[in-house]
Each structure stands twice: as structure tokens, then as C-alpha cells.
Amino acid sequence: MSSPLPLVSMTEAGDPRHVGQKFARQQHLAKHGFPVPEFFCLTTTMFQEVARPLQSAIDRLTTAVDRTSHQDIRRVAEEIEQLFLQVPLGADREAAILAAFDQTFGKDGMVAVRASVVGRALEESEDSETDPFAGVSSTFLYVRRDTLLDRIRRCWASAYTPEGLIYRLAQGRDVRGLMVAVGVQRMIPGRRSFVAFTCDPKTTERRTLVVAGHGIGEGVVQEKVGVDHYFIHPETGHIDRELGHKADMLCENPAPGGELVRRPVPEPLRDAPCLTDEELKRLAALAKDIEHSFGMPQDIEGTFTEDGTLHVLQARPIAFDFRKIRVWGCGNVSESFPGVTTPLTYSLASYFYEVIFYDLLRRMKGADARALHDQTPAFQNMLGFIDGRVYHSLSNLMHVNGINPFIAATSMRDLEDVLQRDASLVIRLPGHRESFPSTASYAYALGRSALGALSVTATFQRDFEAFEKWWKQTLAGLRALPVEKEDPLVLIHHFRRVWTEVGNWWGLTLINHWYINTCFGLARRLLLKWTGEDPSALLVGLMCGAKPDAGTHALLSAVALAEKVRADAALARRFDEEDAEALWKSIDKGDVPPEFARAFREHLSEYGDRGVQELNVERPNLRDTPWDLVRVVQSYARTSVTREELRASDRARRTEAEAQLGTLLQGHPLKKLAIEQLLEKLRTVIGLREDSRFWRGQLFGFSKQVFAALGQRMAERGVLNAPPDVHYLTMREVLDHFEGRSVTRNLGELTKLRRREQQDNQERQPPRDFTTVGSVADGVPRVVEAASDNASLFKGIGSSAGIVEGNARIVLDPGAVGTLGKDDILIAKETDPGWLFLMLASGGIVVERGSMLSHTAIAGRKFGIPTVVGVANATTRIPDGARVRVDGSTGTVTLVAA
């Protein structure tokens, strides 16, 4: 293989091993159409040729340097610089450099000369992904032809500047074998310069941070002048400003070869914004495009000239220490575990995530047993428990999903959408290309995981049917257990046996999630491409009309009970007038028509694990509080809703949407057929997801019974003051108590402490998505509830079409709500499957959290209820009882004047 050329043009400067990361990235930017000033580059080949006679002296100096002495380091740097200033270049090299200058810029051109240090490996080079080495090599501005060769020599020497040596020595890095590429670039006379970070460099929060000041970029980058800070929200485009006092700026020196000069900023500009809103929006869009082109967050330097032209001078990765960073989010997980909950619920949920994700990765065959074992900490830490609330540890959740190269390469964007990732999440996913030592090893791993995915796909339907059969057989056996009478160790044996099997089956539900995310994302992108219109509203209707799932059957069963009540005048009167608990006693004693009592008990038997916050272990099952089912039936009985009406409404929305699709794709039968087949698959897998969520409720229902019985035993023995105190212990603390591993006997005092903490947590306003750096305990932001701004319009994500007007009903605790009517708009932080009853009774639904694929959105579409999700702070900004209009197509909620 021949050596690279000693001098290359901008279009040839693509290999960072030869031109350095700095110039390879500039070439990348120029190639992708970004406004980069033209340059040529002296490669590391030329550096090696020139430095070869100096190398033994350089090695001698750097080996003998006193690492503890700044004076000695400076002495060594100065001696090495003198070596480079005195070494002959040779007439041919000098002529080639000057010819390139003349051809690129003209004899009277003005240039910037920049060094880019290249280490023995790219990760040890300047501007690497893990360590930018920013500011340790030399840059010379406003360089003319007559001083060019001197500046190039000084750039070569800058591999060994005092700052560079200290930087490397302090990190224990080798200072031998360094090379330098030098870029000679057209000088841009900037008048307002900036550094733009595509996410917060301290916290990784996804908002563009722009630091800007007057004059050329050197003053801004080196913090030599006053600057403004601008924070641009990624979704809304809202700009927060922290304006600095900008008294002076750095400018070019009119004297040939002179240093930069400091000049005063005109008085009217000193405290005014340095950049306009339009320029900031333009810059944010540019920064986002640059980040996208590199595939990771960027630190971008640039400048505006007098005429407003924008130039990009540099882009480098933002280097994060991911060992210290954790990104947290409640999107998606808050549907299952909403609000303040208990240690027992959290620990059981965390265990559930651990075993099912392990099963997913085992089935996908993208990693062997040892690789999966090595990721155990990530499996065990996908959920966090912060201020009594369950959060996704998005850092670990995304990490686990990225273990499989096929998932990492094909599905992460769709997963991010489902997780409603507002906070930036920059993670070194183990399945991504950069995690592999070579292209060949990555190709092998990707191929292996793709074959695993194909294998899973080929057997998925059969495996899911076997999963359903296993669960129903297992559940029948669990319901036959005398839980209240069993010895604690026998109960624990049954619990462990079931959960071991969960770890052998439940990964199929995550594969089904993968299908949902992939199918939905593909359908949305294809519809957008083929119709040119936002397909969100259309998809709402197209996803209707699916085969009823287990959750739908539960709801229709409750509606059927209401129909029976309405059909019997005497029973209808009692349900309208009597208290729910009194009615239950009458049902229990048989003081109602036998057919109705039988149907009521059948519902409790079949659907008794479905309820509000059904996965929260401290919440009793519906079969334990059957009067709650009475309240639901009372609510439905006061309306005219019927099962056939719900089915017909669902079919009608599907028919209307399909007609619209036919119009949009008229004349494109193959595209229409492809979308229809994709949507049919999507409806099927969404149905399977709702079925498995129903089974999950049954699994947690059994677990509630086990821990309720264990809590009873602990209270009987005086370990706890009362059986419900078991909820304030973790799963392992309870099991350890009975199995001989408990590290404290005084569990009762521990539960008292945690009960007090839970009461304190109820008063805290929880953050939604946030990033912690360092100790999580010290980094959780404390949210101060904002005062109402009297705004009448609220924006979210329209997820079920239709417009409805009604009275806002703020529901924070669904268990405390009596009934809702069609004139009520349900306003909540989030919902879970147990809210279905309240949701169906309402006229519209507005929640603070959720996505197009959230349970709230799916239920709204399923039953034709106008629904808007993702309305920030809806429960505090919308007054209870206010008249509101909900538009489920546009995603708007409007306060209506009385």
C-alpha cells in the first residue's frame, strides 16, 4: 500500500489518520453541503518526512521531562519548537505548499493555519469522540503568504505545546508517536461568532445551546470577550436567553503579521442580543442537520460575516463521560406504574423488566451467554425509584435494547418515539458499529443477529400461541392454590417457580413490542412519503376495527352487566339509588336476579385482576373490592352505551379511514396493498400486546396474593405492625426474611420510615424527564409548580379523532372518583388499563403523558373517544370544572368561555 500524498485538497481530505479528525470532519461537512471555507491539508506523511531527522531528539526530550514540573515541561516544549523552526523543508516541499496556496486562495489571499494532532490511535487524537483535546494545538489567523511556512512549522511543533504535553501526561497518555496534520483554510472575517452545542454539554439535555459574541471566533471560543447564551428547545423552538454585557471584541490587526486586536463593541449593541431569533432558528436547524450527518451530538464553531452569511469552521463530537450520566424518563412506564407507589411495587416491576428483557435478548440470538452475563448491571437497573415514583433509566433501557446489533441498527429510532424521549440520550450502545473493533466483526455480529431476528419472526406466531397456552394452564393452577393457608416457604416456592417460567416466556411480549414499533414507524414514514401529508390522524382510524383483545372483552363484559341492569326496571332503580357497597352485599347474598348475580361473579372470576393501577401491589384486586365493579356498572347503566354500539362505532371509523386512504392512494394499487398488509399486521400485534398486558395484570395479581399472605404472617409474628406494611419493603427484603438472608430484624421500624417518606413524596412535584450527572441522589431536579398563565389553548398529540366539548374533571386518584358522564372530559396525568372504565364513561380524554402508541391513545381510538395525549401540566393548568373543547385530530385543548 502506497503512502498517502503529503499534500491534499479539501475534496481529498477524508481519512482522519492522514489529515486529522479536524480536517476529515470539515471535508465531511463540505461533502454534505455545509458552508465550510475551502482549504488544503498537509498530511501526516509530510509531517513524518520533515520530523524524521528530529525524532530521536524529540523522544529524548519527552522521555526525560519532569512530569511534575511545569517549568521543565515548558522548557521541553520550547526546545522541540526550535527543532521544527530550524529543520530544512526542502525546496520541493516549499514550492508545493506555496503553489497550493496560490492556486486555492491567490497570492494575496488571507488564511487560517490550524494544527490537528494525530495519535497512535484515533481515540488518542485531537477531536476524538471520547476526548477532544480542545485548545491544545496551535491556530494562526490572518496569515499571509510570506509568513505561511513559519506558521506551518509552529503548527507541527504544537503537538508538543506545554498545554498538549500537560494534557496528555496528566492522563497517563503516551507522548511518543504523535503526528500533526496542518490545514490551510480561507480566512473568514467574522463579525459575530458562535459555538453551538446540539445538546447541553453538561447534562446531555436535548436543547441547542448557542454561545455567541461579537468579533471573530477566537474571542468566543477562548472566552476573551463577553457573550450571550441561548437555549433553544428542540420541539417548540422556544428560545431562552441569558444576555451578557459585550463590551469588546477581537478583530484582525491591519498591520501585517500583527496579533489580533481588541476593539470596543458599539454602545447600542453591548447589551442587545448578539443574534436575532431568525438567525438562532437557522443556526439550530443547521446544528441539527450537522448532528444528523455525524450521528452524534456536536460542538460546532462558526461565524457570521458582515453580510449575514453563515460559515461553519469546525465540528467535533461532544465528549461525555457516560459513567456519570443517567437519563431518566417517565414516558410509557407511567402508564403501568403511575404516581407515588411503594418499594414492593417498584422492586417487583424492576425484577419483571430484568427477566423479560433477558429473555428477549436470549431469543434474538444477537449475543452469546457470556455477553449477556456481562450486561447484568444494565439488566438490573432499567428502572429507577425516585421520590417514590418509577422511572425508566433510559440510559440502561436503551443500552439493553442496543445489545443486539440488529435492533440497534434498525429499531432504535422507533423505540425512542415510543419512549417519548424529550431529554437527550447519548449512549454508547453495545450493538452499534462503533462498539466493534473492525468492520468484519461488526458485519459478523450484525449478520448473526439478523439471522436470529429472522428465526424469531418465523416462529413467532407459533411461539406466542404456546406462550398463551402455557400462561392459561399456569394461571389455572395458581388460582387453585390455597394461598392464605400455605406455609411461607411453600408460597415462595410457587412464586419463584412462576417467575422463573416468566423469564422463559415473557420476552415474546417484547418481540411483539418490537413488531409494533417497527410496523407503526414504517407505516407512518410510508404514508408521509406517498401522500405528502401528516398521517397521524389517518392512522388513528386505520388502526381501529381489530379483533377484540382481552382488555376489550373485559370492558364489553362490564357494559353487558350495565345492559342487564337497564333491562330490569327494578334493578335499574336500585343501581341508580343505592350505595355501591350495599349493592354488593345484596349481590353476594343473592338478593338480585340470579342471572345477573352469576354474570357479575363470572366477570370477577375472569377479569378480577383488571383494575385501576392494577400493577401497583398496594392496590387491591377488583375481586377483593367487588363494590368497585358495582360503581363501574352504575356509571354505564346511567348511559345508553351498548356493546353493539361500540362495535359499530369502531367499524365505522375504520371504514371512513380506509375510504380516505383509497382516495389518497388512488391510482397506486400496489402502494395501497402494501399499506393495508402492514396495517393488518400492526392491528394484530397491537391486539397481542393488549392480551399480554392483561396476562401481566394476572401475573401481578397472583404476586399481590403471595405478598399479602406473607405480610399477614409477618404481622401475626409481630415483625410488622399490620399486613399492609409489607408494601413498604422490597421484594427481596420480604423473601430474605423468610429464607434466612435478612440483614435486619427491625423491619417494622423500616416500614414506618418508608411510610413517612411516601407521604413526603406525595407533596413533591415530580420532574418528567431529566438527566443526572454524578450521584443520582444529589442530581434530581426539584420542580417548582408554575403559576397559571391564563392561556386558553393547550397543545398535545392528537391520538383519537373527533371534537367534543365538556366539563374538565381532574382525576388524580381514580379510586376516589364516583362516576363520569359523557359531558365530562377526563383530565389525568396518565392512565393504565384499569382506567378503561372511567375512560369509556367520559366524553373526551386529556393526559399529560403518552404517545400515539400509548394505552390511552389506543383506548381512545378503539372506542371513538376524542383523545389528546402529551399535554404538559394539564392537571394543574386546566381548572377543574372548566368548560373545555378537545380536538383529537389537531391535538388541541381549548378553554371555552362560559
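FYI, side chains are in, hydrogens and waters are out, and symmetry mates aren't considered; it's all heavy atoms of this structure.
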**Message:** Can you list everything that forms a salt bridge (Lys or Arg N to Asp or Glu O under 4.0 Å) with Glu602? Sequence neighbours excluded, please.
**Reply:** none
**Item:** Exam field: side chain Thr459 to backbone Arg462, donor-acceptor pair closer than 3.5 Å
**Value:** no
**Message:** I'd like to know if Arg693 and Glu690 make a salt bridge, using a cut-off of under 4.0 Å between side-chain N and carboxylate O.
**Reply:** yes
**Message:** To the nearest 0.5 Å, what is the distance between CG on Asp691 and CD1 on Ile686?
**Reply:** 12.5 Å
**Prompt:** Which atoms form the tightest heavy-atom contact between Leu699 and Val498, and what is the distance?
**Reply:** CD1-CG1, 3.9 Å
**Request:** Would you list the pairs meeting salt bridge (Lys or Arg N to Asp or Glu O under 4.0 Å) in which at least one residue belongs to residues 485-512, sequence neighbours left out?
**Result:** Arg496-Glu739
**Asked** Step by step, would you call Trp506 with Trp499 a ring pair (Phe, Tyr, Trp, His ring centres under 6.0 Å)?
**Response** CA-CA 10 Å; Trp506 227 278; Trp499 277 81; 8.1 Å; no
**Item:** Side chain to side chain, Thr730 and Tyr346, heavy atoms closer than 4.5 Å
**Value:** no
**Request:** Using the salt bridge (Lys or Arg N to Asp or Glu O under 4.0 Å) rule, collect all pairs that involve residues 360-370, keeping only residues at least two apart or in two chains.
**Result:** Asp359-Arg362, Asp359-Arg363
**salt bridge (Lys or Arg N to Asp or Glu O under 4.0 Å) involving Asp463 - partner list, sequence neighbours excluded** = none
**Message:** Between Arg610 and Ser557, is there a side-chain heavy-atom distance shorter than 4.5 Å?
**Reply:** no
**Asked** What is the minimum heavy-atom distance between Val617 and Leu344, and which atoms define it?
**Response** CG1-CD2, 3.7 Å
**Donor-acceptor pair, side chain of Thr771 and main chain of Val327, under 3.5 angstrom** = no
**Message:** Looking only at side-chain N and O atoms, does Thr875 offer a donor or acceptor that is under 3.5 Å from a partner on Glu848?
**Reply:** yes
**Item:** Qualifying residues under salt bridge (Lys or Arg N to Asp or Glu O under 4.0 Å), relative to Arg389, sequence neighbours excluded
**Value:** none
**Message:** Using the salt bridge (Lys or Arg N to Asp or Glu O under 4.0 Å) criterion, which residues pair with Arg756? Sequence neighbours excluded.
**Reply:** none
**Message:** Could you measure the distance from the CG atom of Asn761 to the CD atom of Gln759? Nearest 0.5 Å is fine.
**Reply:** 10.0 Å
**Prompt:** Going through the checks in order, is the salt bridge (Lys or Arg N to Asp or Glu O under 4.0 Å) test met by Lys472 and Glu468?
**Reply:** CA-CA 6 Å; Lys472 289 183 176 178; Glu468 179 178 9; 2.9 Å; yes
**Item:** Arg479 side-chain N/O to Ser605 backbone N/O, donor-acceptor pair under 3.5 Å
**Value:** yes
**Item:** Asp549-Thr552 side chain donor-acceptor pair, cut-off 3.5 Å
**Value:** yes
**Asked** Which heavy-atom pair separates Leu720 from Gly711 by the least distance, and what is that distance?
**Response** CD1-O, 4.4 Å
**Asked** Does the side chain of Leu826 reach to within under 4.5 Å of the side chain of Ile865, using non-hydrogen atoms?
**Response** no
**Asked** Side chains of Gln712 and Glu716: do they bring a donor and an acceptor to under 3.5 Å?
**Response** yes
**Item:** Interatomic spacing from CZ in Phe379 to CG in Leu397 - rounded to 0.5 Å
**Value:** 11.0 Å
**Request:** Kindly state each residue pair satisfying salt bridge (Lys or Arg N to Asp or Glu O under 4.0 Å) with at least one member in residues 699-713, sequence neighbours excluded.
**Result:** none
**Message:** Is there a side-chain contact between Phe596 and Ile587 in this structure, where contact means two heavy atoms from C-beta onward sitting under 4.5 Å apart?
**Reply:** yes
**Fill in**
Residue pairs meeting salt bridge (Lys or Arg N to Asp or Glu O under 4.0 Å), one or both in residues 623-633, sequence neighbours left out, come to Asp609-Arg623, Asp628-Arg631
**Prompt:** Do the side chains of Tyr353 and Val400 get nearer than 4.5 Å, heavy atoms only?
**Reply:** no
**Message:** Between Glu618 and Thr345, is the side chain to side chain donor-acceptor pair (under 3.5 Å) condition met? List the steps.
**Reply:** CA-CA 7 Å; Glu618 61 271 20; Thr345 291; 2.7 Å; yes
**Item:** Backbone N/O of Pro377 and side chain of Asn381: donor-acceptor pair under 3.5 Å
**Value:** yes
**Interatomic distance, Trp328 atom CH2 to Leu383 atom CG [nearest 0.5 angstrom]** = 9.0 Å
**Item:** For Trp470, side chain to side chain donor-acceptor pair (under 3.5 Å) partners two or more places apart
**Value:** Thr474
**Message:** Between Gln613 and Thr341, is there a side-chain heavy-atom distance shorter than 4.5 Å?
**Reply:** no
**Request:** Look at the side chain of Ser692 and the backbone N and O of Leu688, then say whether any donor-acceptor pair between them is shorter than 3.5 Å.
**Result:** yes
**Asked** Are the side chains of Val780 and Val776 in touch, meaning some heavy atoms are under 4.5 Å apart?
**Response** yes
**Message:** Just checking Arg732: does its CZ atom have more than 12 heavy atoms from other residues, nucleotides or ligands closer to it than 6.0 angstrom?
**Reply:** no
**Qualifying ring pair (Phe, Tyr, Trp, His ring centres under 6.0 Å) pairs, either residue in residues 604-624, two or more places apart** = His603-Tyr607, Tyr607-Phe694
**Asked** Tell me the ring pair (Phe, Tyr, Trp, His ring centres under 6.0 Å) pairs involving residues 722-758, sequence neighbours left out?
**Response** none
**Item:** Shortest non-hydrogen contact between Leu682 and Cys519, atoms and distance
**Value:** CD1-CB, 3.9 Å
**Item:** Heavy-atom check, side chain of Phe770 versus side chain of Ile386, under 4.5 Å
**Value:** yes
**Message:** Looking at Lys752 and Glu749, is any side-chain nitrogen of the basic one under 4.0 Å from a carboxylate oxygen of the acidic one?
**Reply:** yes
**Item:** Nearest non-hydrogen partners of Val612 and Pro814, listed with the distance
**Value:** CG1-CG, 2.7 Å
**Request:** Working to the nearest 0.5 Å, report the span between CD1 of Ile356 and CG of Leu510.
**Result:** 4.0 Å
**Prompt:** Looking at CG of Leu508 and CH2 of Trp471, how far apart are the two atoms once the value is rounded to the nearest 0.5 Å?
**Reply:** 14.0 Å
**Message:** Are Phe352 and Phe337, when compared by the centres of their aromatic rings, separated by less than 6.0 Å?
**Reply:** no
**Prompt:** Can you tell me if Arg326 uses its side chain to pair, donor with acceptor, with the backbone of Ser775 under 3.5 Å?
**Reply:** no
**Request:** Using the test side chain to side chain donor-acceptor pair (under 3.5 Å), find all partners of Tyr515 that sit at least two apart in sequence or belong to another chain.
**Result:** Thr457
